[in-house]
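In the text below, chain A, chain B and the rest are named by the order of the sequence lines, each starting its count at 1. Values in this document were obtained by computation on a predicted structure and should not be read as measured data.
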Amino acid sequence: MSDILKYFRQNRLPHIWCPGCGHGTATGALVRAIAKLKLDKNKVVVVSGIGCSSRAPGYLDFDTLHTTHGRALAFATGIKLSRPDLKVIVLTGDGDCTAIGGNHFIHAARRNIDITTIILNNNIYGMTSGQYSPMTPKGMLGTTAPYGNVERCFDLAKLAIAAGATYVGRATTYHATLLEDLIGKALINKGFSVVEAVDQCPTYMGRKNKLGTAVDMLNWLKDRAVNVKAAAVMAPEKLEGKFLVGELYNQPEPEFTAEYMAMAEQVRRKYDNFQGGVRECGQNSD
Amino acid sequence: MTNAKLMQGNEACTLGALAAGLDFFAGYPITPSTEIAELCAEELPKIGGRFIQMEDEIGSIAAIIGASLTGRKVMTATSGPGFSLMQENLGYAGIAEVPIVIVNVQRVGPSTGQPTSPSQGDVMQSRWGTHGDHPVVVLAPGNVKECYELTFKAFNIAEQYRVPVIVLMDEVIGHMREKVILPDIATLRIVNRKEPETPAGYLPYEADDDGGVPLMARFGQGYRFHVTGLFHDDTGFPSNKSDITNRFTRRLLRKVEKAEPAIREYFTESTDDCDILVVAFGSSAMSSLSAVRKARASGIKAGLFRPKTIWPFPEDSFKELAAKAKRVIVPEMNLGQLVLEIERLVGCKAPVERLSKVNGELFKPEEILSRIMGGAK
Amino acid sequence: MRTEFRLSGSGGQGLLLAGIVLAEAAILEDKNAVQTQSYGPEARGGASKAEVIISEEDIDYPKATDPDFLLALTAESYKTFGALMGKGIIIVDSSVALNPEIKARTISAPILKAAAEDIGKRVVANIVALGVLAGISGIVAEKTLELAVKNRVPKGTEELNLSALHKGFELAAAVGARQAD
C-alpha cells in the first residue's frame, strides 16, 4: 500500500469525483501499474485535458499538466519531443479524447509517439452533467439526447489501431486487475499506447438511463464485456451488443521521437553548428 | 566588404529567434508565414533543437506550451486563420504563465480572406483575441531588420515576464527582401527565465502581488509541480476563492503594465516641430515615412510616430508628442483598429483622422501625402 | 537616386530569382536594395511580378510607384503592366507583338529565343533577361552581377547561368547599338 500511496499527493485528497464513479478505480490501476514498474516519480509527466477524468493528475505526485479541452495529447507531444527521456502519460475522457481531441488522438497514433494514453470512458460528459459523447452507445439517453442517441459511437480500440497505435488494450473498472496489467504493458511499449478504461458514471449515465447503482453499473459493464481470447471462438451473433476486453493489439514499430533524434544526429554530423545570422533561405524559383 | 545581406522578413524573424535561443518550434503551414516553419525545420535539428509540424494550429501552440514547460525556448508562426485557432491556448499560456512567442504574419481576413495580400486586421485580435482579461505583449516590426530584432526581443520579454508575446508582422514585411546588417550576436543580451534553485519549498506561483513574476521550474527536474488553466493559488492547484482570483488576475495584467517602460520601443521622424502627426506601424509605416518625407520636402511640418511595441502602447511617449500636434492621421490596413487607441490617448486635444485601406494592397505614399496636405477624406 | 524595376512574366519563369540577384548585386556595390513580389496563385503559372528598388539613399517605400524599367516576358504582362508605364522604359521579349496604345519607350529583345537557341536551355531566360535589364539600365557592373549570379544559382549550373548572363549583356549592347542608329 505505501508503495502506491507515495505516488499520490495525499494532501490533495479526497478527490472531487462523485460517489460510485469509476475514475478512482482506473486511476488506482494506473498507479499500481506505475508502482509495479517502479517508475521514478521525477521522470514521469501526467497530462490531461478537461472533464472529470482530467482532474486525476492533480492527485498524482508527478509533474502534472491540466491543459485545455481535447488538447492533452498535443501538449504531451511537445513535452515528449522536448524530453524523450521522460515517461509521458495522458489521462483523458471519452469526450475529451474522441470528440474535441479526436484529431490530436489520430495524429499522435499515426506518429507512434511514445505516450501512454488512458481513456477513462464513462460514455458521457459528466463534468457538464450528462450530455451524449461520441462514445455513448446508440439509443441511450443523455441530456442532449432526450429521445435516445441517434448517432453511432466509435469503437475506440479499432480507431486507435487503424490510426497507427502500437499497443491497444481495453478493460472495464470491473476488470480492475486486467486494467492494471494492460496499463503496465502499455507503459512498457515504446510507442503510442492506448488503454480504454470503460467505467461507470452512476450520477449521469446511470441515472439518466436507469442503470441503477454503481454496483449495478459494474455488472452492466461486466455483462457486456467479452475477453478477446474467448471472443475468438464465439459465433458473431453471440457478440452482438458486446465489446472486447483484453490486449487487442501489440505490434512494436519505430517510435517518433527516436526517429527524430536519429535524423537530427545524422544532420548534425553533416553540418557544423549554427553560428547565427550567417545563412540564407533556400531559394525557390517563384 | 560589408556584412550586408539581402534578407527576407520571415527569414530575419527566424534568425532573430535562433539568436535568442529558440530550440523548439511547432507549426502548421499557412501563407504568408510558412518560410518561418521551413527554415526552423532546416535549422533546429542541427543545434539539438526540435521541429514538429502539428496537425493544426491548436496543436501547434499546445505543443510549444508543453515544450516550454520542459525549459525550452519556443515559438510558433501563423497567419490570421491559424491565429484565430490559437486563441484558447494563448489564454492558457497567459494564465499558466508559460513563455511562448507567436509570430502572426497578417493577411487579409476575415476567414480565408486573401492569403497572399497584406493586412493589419489583427491589431485588436492580438490584444483581445482570447476570452477573459489576460496579459499579452505585441511587437510590430516595421522593416526586415526589425523582424530580427523584435523577434529576439519577444523571447526576452516572454522569458522575463512569463507572458505570451506576439510578433505582429504582415505579408509585405514577411516577404520583402531588404539589405540588412545583422547585429554581432556576441553583443546581444539574452534573457532567460528565472528558475528556482531547489524543489524544497517551491511554490510555482508564488509572486509579489504588484506584478511579480514567479520562478519557473522545469518538468522532469524533480519539482513535481502542477500546472493548470484553472485559477490557482501559489501552489499551482485550482482555487475558487474570490480573493485569490481577484489578486491573481490583477497580478497577471500588472506584470505587463509594470514592464511597459522597460519594453517600450518606437521610432519617430521629424516629430520635434510637427503640426501633423502620422501614426502608423508595420508596412503602413513605410508608406507613411515616405509620405512624411515628401511633405517635409514641400515645407509641410509632418512627422511620423511608429510604435514597435503596440500592446502595451507606449502611451507616455506618444502623449508627449501628440500634445503639440494640430492633426493626427492614422493610416492602417483595416477599417480602424489602432486608431481607437490613438483617439483614446489624444482625446479632444486634436482631431484624429482615420485613413483606412482594405483592398489587399499596401498604401501608396501619395495616398497618405494627399491626406497630410488636407486632401479628400 | 531611386531606381525602380518591375520584372513581369508568368509564374515559373524565375523572375523572382532574377529580382533577388539584381538586388544582391546592388548590395555588393554598397547600394541599398529592396525586393518585393506579387505572390500567390501566380507562382503556379499565372501572371507574375517581382519588383526591385535600388538607391544610394535610404529606401522608405518598398514598392515601385513609377518604374524606371519594366521587363515583360509575356504578352499578358506587357499588356497589364505596360499600360501603367509613365516615364520608364519597357523591355519586352520579341515574341510579344507591340501595342500602339502603350506609349512608353519600348525596346524589344529576343530573350526567350536566345535562352532556348543560343544557350539551349529555356530555364535560363530569367538570367538572360537580367543581363538585358542590367545592360540597358547600367545599374550594376557586369562583374558584380556575375558574382551575384554565382552566389544564388544552384551548384553546378554556374557556367550555364553565366553564359546566359553574358548573352543578356550582348543583347543589350545590340539593341543599344540599334537605338543609336
Going through the checks in order, is the side-chain hydrogen bond (donor to acceptor under 3.5 Å, both in side chains) test met by B:R72 and A:S82?
CA-CA 8 Å; B:R72 288 195 184 260; A:S82 172; 2.7 Å; yes

Closest approach of [X] to [Y] (non-hydrogen atoms, all atoms of both residues):
X	Y	answer
A:R111	B:Q53	NH2-O, 3.2 Å
B:F219	A:T64	CZ-O, 3.6 Å
B:G220	A:L86	CA-CD2, 3.8 Å
A:Y260	B:P45	OH-CG, 3.7 Å

Heavy-atom cut-off 4.5 Å, strictly under: side chain, backbone, both or neither for A:K80 against chain B?
neither

Side chain, backbone, both or neither: which part of A:F62 has a non-hydrogen atom closer than 4.5 Å to chain B?
backbone

Looking at [options], which has the largest count of heavy-atom pairs under 4.5 Å with chain B?
options	answer
A:D61, A:I50, A:T257, A:V45	A:D61
A:L60, A:L73, A:V46, A:N103	A:N103
A:R12, A:E265, A:R110, A:R269	A:R12
A:Q266, A:R9, A:K87	A:R9
A:I79, A:D85, A:I106	A:I79

Checking heavy atoms, do the side chain of B:I64, its backbone, both or neither come under 4.5 Å from chain A?
neither

To the nearest 0.5 Å, tell me how far A:N11 CG sits from B:T235 OG1.
8.5 Å

Would you find more than 12 non-hydrogen atoms of other residues, nucleotides or ligands less than 6.0 Å from [X] atom [atom1]?
X	atom1	result
A:K190	NZ	yes
B:E197	CD	no
B:Y92	OH	yes
B:N240	CG	no
A:K41	NZ	yes

When heavy-atom pairs shorter than 4.5 Å are enumerated against chain A, which of B:G59, B:P199, B:A12 gives the highest number?
B:G59

Report the C-alpha distance between B:L69 and A:F75 in whole Å, list the side-chain angles of each, state the deciding distance to 0.1 Å, and finish with yes or no for side chain to side chain contact (heavy atoms under 4.5 Å, CB included).
CA-CA 10 Å; B:L69 282 163; A:F75 281 78; 5.5 Å; no

Are any side-chain N or O atoms of A:R71 and backbone N or O atoms of B:A62, one a donor and one an acceptor, separated by less than 3.5 Å?
no

Select all residues of residues 224-232 of chain B having any heavy atom within less than 4.5 Å of some heavy atom of chain A, and report them by number, or 'none'.
B:R224, B:F225, B:H226, B:V227, B:T228, B:G229, B:L230

Can you confirm whether A:H104 sits close enough to B:I58 that some side-chain heavy atom of one is under 4.5 Å from a side-chain heavy atom of the other?
yes

Please step through side chain to side chain contact (heavy atoms under 4.5 Å, CB included) for the pair A:D63 and B:R218, ending with a clear verdict.
CA-CA 9 Å; A:D63 286 316; B:R218 303 175 183 209; over 6 Å; no

